[in-house]
Trainee: 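This is the structure I have questions about; it appears just below.
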Amino acid sequence: MLEAKTERIRKDIETMAGFTATPGKGMTRFSFSKEDRMTRDYIASEMKGAGLTVFEDAAGNLFGRREGTVPGAPAVMIGSHFDSVKNGGAFDGPAGVVMGLEIARVLQENGIAAEHPLEFAALVEEEGARFGGGLYGSRAMTGKVTREALDTFKDRDGVSAAEAMKAFGFDPDKIGEAVRPKGSLKAFIEMHIEQGPILESGGTDLGLVKTIVGISQREVEILGRPDHAGTTPMDMRCNALTAAAEAVLFLDRAAKEAAGGTVGTVGRMEVFPGGANIVPGRVFFTIDVRSVYMEKLEQVTGSFAAFLKELEKKHGVTISVTDKLTVRPVEMSAEILGLFEAEAAKRSYTSKVMQSGAGHDAMIMASAADVGLVFVPSKGGRSHCPEEWTDYGQIKKGVDVVLGAVLSLAKTAV
Ligand code: HGY
Ligand code: MN
Ligand code: MN
């Protein structure tokens, strides 16, 4: 049976882990940054080494393509993203990119011919850590990124996605060219670290994802009035931070009351002007709400929006909300999940069907192809932190199972 080589997986992950803006403090690799460039160059050279034709699309995604024997057949695409959150881990995203590189090597060294073309994807800005929202590379491929969004989505320095793309060598005016023609993709398969505790705590090798949660990400700005902290009586203040604090606690309660695994998080908050002796005049914060039940997602985001209106009256503040991302819960292909199950059993790997509380490019690609997502265990269930870890031998098992599924989907004579 064909199988991946753990040593090559380790080398890829450890090499890419070196391309971080915060050495010693985890992985910080923002899209269209110098760390992006170093990683992209490494991936491209490994793709070339595996005999692939390397190209980038108008959104900045990087691909390696291997032609099939049947002209015009739709492609089977596999991979994941290579950007990271701030001070994150080395495996979130890259594990799936390395899965593609390793499968490309195994196919090349065994001279495997497939009817369908194969594309090995390294996608950009999945996390949204630089411009907010995220899932950008897959949303661009499926026609969900508008030219104007590239101007309005900005990083913390006020640089828009369009400006960053231009500086990096991509033309934002051509974003529409990243859209994949209807019917040009047969399947999109992603492998990813679980980022939770289920597989490790159950001693299970692989997670076979059935559903990915729906996600709503928004940015909130509360405008109050900056005043002297010493001379302004408590009942004469228009304190943006007091209002924000009540909003944070409301979101917590609303998510808990929605139940069904629904979660709500305020992950980022900035207070302005930010002086110890100044009543905060402006607060910016993000909300992230997730649920496998769309009605619960809407219940929490709807009640939160209504509560903000109450806060405006109570505190005399002005509140504006920007929608950064809204994606519905997505079911993965049952056929591909069945292929994963059969391949895992053939190799005596244990597996478990599960849902994903994390968002992934596969949930966006579902509008253009049949999709599958395989999880490998996360040590201590930790992710989005420097402690993120998955044993290379565990990644190997995930690669083996995707390899088996790809050989069936792309119809190869092995
Ligand atoms: O936020 C997420 O679920 C993913 O890590 N982008
Ligand atoms: Mn992530
Ligand atoms: Mn990820």
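Counting starts at 1 for both ligands and their atoms, in listed order.
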Trainee: For ligand 1, which atoms have a heavy atom of Gly359 less than 4.0 angstrom away?
Mentor: 2 (C), 3 (O), 4 (C)
Trainee: Can you tell me which residue among Ile212, Val292, Ile198 is in a side-chain contact (heavy atoms from CB on, under 4.5 Å) with Gln355?
Mentor: Val292
Trainee: Among side-chain atoms of Glu331 and Thr211, is any donor-acceptor pair under 3.5 angstrom?
Mentor: yes
Trainee: Only heavy atoms count here, so choose which of Gln217, His81, Glu126 is nearest to atom 6 (N) of ligand 1.
Mentor: Glu126
Trainee: Would you say Ser378 and Gln195 are linked by a side-chain donor-acceptor pair, where the criterion is simply a distance under 3.5 Å?
Mentor: no
Trainee: Less than 3.5 Å apart, any donor N or O on the side chain of His384 or Asp92 sitting next to an acceptor on the other?
Mentor: yes
Trainee: Will you find, in the side chains of Glu35 and Ser33, an N or O donor that is under 3.5 Å from an N or O acceptor?
Mentor: yes
Trainee: Whether the Ser367 and Lys144 side chains hold a donor-acceptor pair (N or O, under 3.5 Å, no angle test) is what I'd like checked.
Mentor: yes
Trainee: Could you tell me if the ring centre of His360 sits under 6.0 Å from that of Phe375?
Mentor: yes
Trainee: With the Mn ion (ligand 2) at the apex, how many degrees lie between OD2 of Asp92 and OE2 of Glu127, rounded to 10 degrees?
Mentor: 80°
Trainee: Output the list of atoms in ligand 1 that are nearer than 4.0 Å to some heavy atom of His384, sorted by atom number.
Mentor: 5 (O)
Trainee: Checking one value in my table: which N/O/S atom of His384 lies closest to the Mn ion (ligand 2)?
Mentor: NE2
Trainee: Return a yes/no value for Ala358: is any of its N or O atoms, backbone included, closer than 3.5 angstrom to an N or O of ligand 1?
Mentor: no
Trainee: So that I can check it, does any N, O or S atom in His360 come closer than 2.8 Å to the Mn ion (ligand 3)?
Mentor: no
Trainee: With a 4.0 Å cut-off on heavy atoms, is His360 in contact with ligand 1?
Mentor: no
Trainee: Can you figure out which of Glu125, Arg290, Met363, Gln195 has its heavy atom closest to atom 2 (C) of ligand 1?
Mentor: Arg290
Trainee: Mark up the atoms of ligand 1 that fall under 4.0 Å of a heavy atom belonging to Glu127, in ascending order.
Mentor: 4 (C), 5 (O), 6 (N)
